[in-house]
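Remarks on the structure that follows.
Convention: sequence-line order gives letters A, B, ...; per-chain numbering from 1.
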Amino acid sequence: GAVVSQHPSRVICKSGTSVKIECRSLDFQATTMFWYRQFPKQSLMLMATSNEGSKATYEQGVEKDKFLINHASLTLSTLTVTSAHPEDSSFYICSARDWGGHEQFFGPGTRLTVL
Amino acid sequence: GESVGLHLPTLSVQEGDNSIINCAYSNSASDYFIWYKQESGKGPQFIIDIRSNMDKRQGQRVTVLLNKTVKHLSLQIAATQPGDSAVYFCAEKEKDTGNQFYFGTGTSLTVIP
């Protein structure tokens with residue numbers, strides 16, 4: 001149980017385009033989902049917390065207009081990287097937490113490369 | 001975010017030996033800690049957790065020790081195997097502030113056959 005999927009697993013796009021990444025909890029309802037970014041050989045940096053039916057809470061330094069988060073249902077959150085630039089190239093990982101739980105279940109990650 | 005760091009960025013051990021990975025945290029209000037294992041190109045996997053009202057917790061081949069006095073966390077892996085090679089992160093959550101976990105720098109463990 002507690003499986004989280006991400007789609008796509010890998011995406012390459014041109015600079016200036018927008019990319020949407022999906023995060024799904026497959027066998028539980030996730031009231032809260034989290035989006036992380038991880039650069040090579042670095043730790044996971046929390047970008048934002050996404051609560052179903054409400055606006056996401058962004059960490060300091062993360063541009064909410066550039067990284068659009070939508071958590072429209074209890075099993076799906078999306079992260080859209082708008083007007084992507086090469087410096088946005090990174091590994092984006094989501095995690096999900098069910099109501100009342102402490103543990104977060106992580107997705108497999110999405111490798112974004114912006115040319 | 002909070003400062004959660006690891007003492008050693010890399011660690012190499014012989015297969016069969018025990019591994020100890022350390023983590024220092026700075027937020028005394030943190031009340032829940034998790035160790036994660038991350039293999040290359042994959043998301044983190046839960047290994048073991050511990051609450052601040054405990055100082056030791058054991059799992060299968062793994063033990064987590066928590067020293068709140070010096071804000072130190074360690075992960076011990078017994079009889080390390082090649083499949084244990086990965087990056088290990090500690091993560092902490094502050095009591096009553098919601099759901100956010102903050103991750104440490106990470107330690108890359110290499111098991112030498």
- Task: Measure across Phe89(B) and Gln38(A) and return the closest heavy-atom pair with its distance rounded to 0.1 Å.
- Result: CZ-NE2, 3.6 Å
- Task: Report whether Phe46(B) and Met33(A) are members of the same hydrophobic cluster (ILVMFWY, side-chain heavy atoms less than 4.5 Å apart, transitive linking).
- Result: no
- Flag yes if Tyr25(B) and Leu65(B) sit in one hydrophobic cluster, no otherwise; membership is Ile, Leu, Val, Met, Phe, Trp, Tyr, and two members link when side-chain heavy atoms are under 4.5 Å apart. no
- Name, in order of residue number, those residues of residues 60-89 of chain A that have a heavy atom at a distance of less than 4.5 Å from a heavy atom in chain B; otherwise write 'none'. none
- Is Ile50(B) reachable from Ile77(B) through a run of hydrophobic residues whose side-chain heavy atoms are each under 4.5 Å from the next? yes
- Message: Starting from Val19(A), can I reach Ile12(A) by hopping between I/L/V/M/F/W/Y residues whose side chains sit under 4.5 Å apart?
- Response: no
- Message: Working to the nearest 0.5 angstrom, can you tell me the gap between Glu59(A) CD and Tyr102(B) OH?
- Response: 3.5 Å
Enumerate donor-acceptor pairs with a distance under 3.5 Å from any side-chain N or O in residues 106-115 of chain A to protein atoms, sequence neighbours excluded.
from, atom 1, to, atom 2, distance (Å)
Thr110(A), OG1, Gln6(A), NE2, 3.1
Thr110(A), OG1, Pro8(A), O, 2.6

- Does the side chain of Leu44(A) come within less than 4.5 Å of Gln38(B)'s, by heavy atoms? yes
- Do Met45(A) and Tyr36(A) share a hydrophobic cluster (ILVMFWY, side-chain heavy atoms under 4.5 Å, transitive)? no
- Answer yes or no: are there more than 12 heavy-atom neighbours, outside Lys68(B) itself, under 6.0 Å from its atom NZ? yes
- Message: Using a 3.5 Å distance criterion without hydrogens, assess whether the side chain of Ser43(A) forms a donor-acceptor pair with backbone atoms of Gly106(B).
- Response: no
- Message: Other residues, nucleotides and ligands only: do more than 12 of their heavy atoms fall within 6.0 Å of CZ on Arg10(A)?
- Response: no
- Item | Student check: side-chain heavy atoms of Phe34(A) and Phe101(B) closer than 4.5 Å | no
- List the atom of Lys42(B), the atom of Phe91(A), and the distance in Å for their closest heavy-atom pair. O-CE2, 3.6 Å
